[in-house]
Student: 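Can you read through this structure? Questions will come right after.
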Amino acid sequence: MLRFAAFRFVAGIVILAVLSGPACTAKKSPGPRKPRNPQSQEQSLPETGVSEQAPPLEQLKPPKANPSENPSQSTSRPPTPTSQENVVLFAEPASFDFEFKPEPQVAEVLAPANAPAAAGKHPRLFFDADELGALQAKAKSGSQKIAERLFAYGDKVANSRRSLPPVNMDQLPKANGAWRKEGDKLMGVAAAYALQTNPKKKGAYGTWAKEAMSRVANWKAWGPSAEYAVGLDGAHILFGFSVAYDLLHNELAATERKSFAERIHKQAELFYEETQARKPEFWTTSYTNNHNYINYNALLNAALAVEAIYPREAEAWIKQCVKNTDLVMEIRSQIGDGSTNEGIMYGTYGSHALFATLELLHEHRLADHLDNVWLTQHFNFLLHGSLPGFQRVVGIADGHGSFGHGPRHLLYFLDRVTRDGRPTWVANRIDEALGSRQPYGKPEGSNLLFEMLWHDPSIEPRTVNRGNAPGFHYFKDWGVVTYRRGWSVGNTFFSFKSGDPAGEATWGLMLDGDPRVAATNVSHSHPDAGSFTFYPEGQDFVAGALYPKPKRTALSNTYTFTPPFAMAPPIPESAISRLWNPKQVYQIGRLDEVGQLGEWGQWMGPIKPLVKAAPNADIVTAVNAGDAIFVSGEFGGAYPKQVKRRNGSQELLGIESVYRSMLLLPEDLLLIVDRVQTHSNMGTNAYFRALSSPDHKAEWKVNGNIATLSGGGSPGSEVELYAPLGVQIETGREIISYEDAKGDNRRSIKDWDAVSHSSVYARFSKPSQSGAETYVYLVRPNGTAGDIDGLKTSDTRGVTLNIETTSRIYDVWVATDQDAAARAGFLGFDGHVRVNYSEK
């Protein structure tokens, strides 16, 4: 939740902008740099200033000189320049609009649905018999490329007997996940059957699909356990089986129709009964969780597929699904910004099912949520959450660095709603980025069906550029800021997160005890407030934590703390022994550090004590001008107030504030100013993390007060500490998830090259801090030249410094006191940063 009653992008915030000529290009330093010891340099800055009234950015000119004043003193205004060459740029108290505003290519956004096919008529789920001909025509012209992929998938599966589901369910792996593929595969082949007009191929698809359905129908359960049979595994199978039943209905013999309908009924009743149970599974009322959308979508498909045969049951199932979706979209309308706290990967997984549900509700005139504000803004989530080039996504929340499902079909769906053209353009760029690796995400079979359904050839792709999609974006509910210099693979990307575990709106409802969110969990969130990612010129450098198990704050680029006393292990020692070799536990993480609330479980939480502790983190401000951005966040409230000693007693930890300010300059130099305040003595640990893999090895090396990352696409990238004194730098490597360890690495890593990804870190630790301390870092990617001079940290209200690059000198004031009066006294206005620059 925001720290201020009304968040604004902030009146009087000062930041540099490049308004004349092209942006500066980062230049390489001529040779190796010598490390220096951090010093709090007390020399004064050159006299610089700010105009009394800020004109619009495009009209800014060098200010007139005024009598100089010392910035370290309480003044009504900061000092003024002595030279007209010094340029001051700052943001007007303007409204920064982060909405996606569609520009429909036709007046009517989405035509009303035709009357749905009557119960008993098939196909009827997503299209009827009359619409089938149009889809088959579209497969030959307009969506031919998608159809080719769909038919290629059908050929691959239907031409292999080995691809059929096993006759005996006991032949399937016991682990959850493997079962889901059977439903997805069945859906893809059934879709190929429906759209294929070649009799030979159509016959092959139909033969395979019917045999697959016969085998699956005979399984006693649709999951490796009762939990998964009425969970994701059973839902995937029910979804695929219901769609196949609908699409192949006219091909089936009477006995097959009867048998398959009975099996759908049996499975759907299990799901429905779960929703009516006195103590149901969490997913039944967890309206912000992907399990909810996936399971209810399966139930809705089943209801519409067998409605004619089981009208009474189907009516109850449909009513329950409509009620659930109303609540889902009601909460999403409060979220508003298009985001989900589950992150990009699980967001696409959930939307894969949710969008199918929205389509069915619309087509069958059961409900219409297509004008929901969250839905209209969801394109921003897919767009701004992707890394340059659209091949990967930002590592915030659980994920493997990629989209989970699609997202081409999701983009097509959003464009059917908005008819804007930009979502289709992004889908095309993903096609180009992937090349022969088709399709993207999983499961491929059902993805391809919905690509065919939702792709609209009449929508003209509209290029995404910084004119119609600025690189700077703020997700208010998610508590995430992203920035990029462009949309190509070689453009710089940066993100900063300082938000509540479930997102601002949902978290507020949870803290208020709203019954609609009583079953909500944040299992896929990370305890990572204050973390950032940085991909200069698109190259790997500072990265997110992907899919950590267990969850640890230390895996993210933020702070942990070390108490001065012996702390009880954050997880029971017996659990450590089951999970990992206790002698090698350092490979997973340090047990003597305190991270943020919710860490050290396989999933973030548990939710009840987490809600009771009420962790809080805020984006304080975020502003962009030209090719520079400034963001800041307060996340001291994300840490526990007390921890347990080894003797079992509770001890106050004493973290008062952790306030991080980050300034990204046009040269891709990143200034980080952290103000950490504690009530008691403790150690502070700031992490800078990169990913390493056997194909892209990376490691940190230390020289003085500089940590240098080599390999992994970023040779020679540096993090230099300038303040305070007494900080130690340590480097190392840790495993991200114990599930990544296979074979001989199962309980301790013996061969790091056998681990798909590991996290390499530079850990900046001050062993003892009490009171307030200011930490100043300069991040230089790929040998980019830049140094800090004139650093002054003695003023409790803020930090002043100069940054000299190859072509410019920047004079920087960063307010570290969050009190408005103190900031105004330091900067001369109620803002958070001021930057002047002069060309060399």
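All figures in this text were calculated on a predicted structure; none of them were measured in a lab.
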Student: Do Asp753 and Lys697 meet the salt-bridge criterion of a basic N to acidic O distance under 4.0 Å?
Tutor: yes
Student: Could you tell me whether the side chains of Thr533 and Ser495 share a donor-acceptor contact shorter than 3.5 Å?
Tutor: yes
Student: Less than 3.5 Å apart, any donor N or O on the side chain of Thr678 or Glu656 sitting next to an acceptor on the other?
Tutor: no
Student: Hey, are Lys701 and Glu730 close enough for a salt bridge, meaning a charged N less than 4.0 Å from a carboxylate O?
Tutor: no
Student: Could you work out, with side-chain contact (heavy atoms from CB on, under 4.5 Å) as the rule, every residue matching Ser693, not counting sequence neighbours?
Tutor: Asp695, His696, His757
Student: Under a 3.5 Å threshold, yes or no: a donor from one side chain and an acceptor from the other, between Ser286 and Asn292?
Tutor: no
Student: Can a side-chain donor-acceptor contact be found between Glu734 and Gln587 if the only test is distance below 3.5 angstrom?
Tutor: no
Student: Could you check Lys641, Arg645, Lys644 and say which one makes a salt bridge (charged side-chain N to carboxylate O under 4.0 Å, His left out) with Glu651?
Tutor: Arg645
Student: For a quick check under 3.5 Å, do Tyr346 and Tyr547 share a side-chain donor-acceptor pair by atom type?
Tutor: yes
Student: For a quick check under 3.5 Å, do Asn685 and Arg763 share a side-chain donor-acceptor pair by atom type?
Tutor: yes
Student: Will you find, in the side chains of Thr560 and Glu593, an N or O donor that is under 3.5 Å from an N or O acceptor?
Tutor: yes
Student: Report the residues that fulfil salt bridge (charged side-chain N to carboxylate O under 4.0 Å, His left out) with Asp674, sequence neighbours left out, ordered by chain and then residue number.
Tutor: Arg660
Student: Hydrogens and angles aside, do Tyr659 and Ser632 bring a side-chain donor and acceptor to less than 3.5 Å of each other?
Tutor: yes
Student: Using a distance-only test with no angle check, is there a side-chain donor-acceptor pair under 3.5 angstrom linking Glu342 and Asn289?
Tutor: yes
Student: Can a donor-acceptor pair be found, under 3.5 Å and without considering hydrogens, that links the side chain of Asp500 to the backbone of Ala617?
Tutor: yes
Student: Output yes when Asp514 and Arg516 qualify as a salt bridge under the 4.0 Å nitrogen-oxygen rule, no when they do not.
Tutor: yes
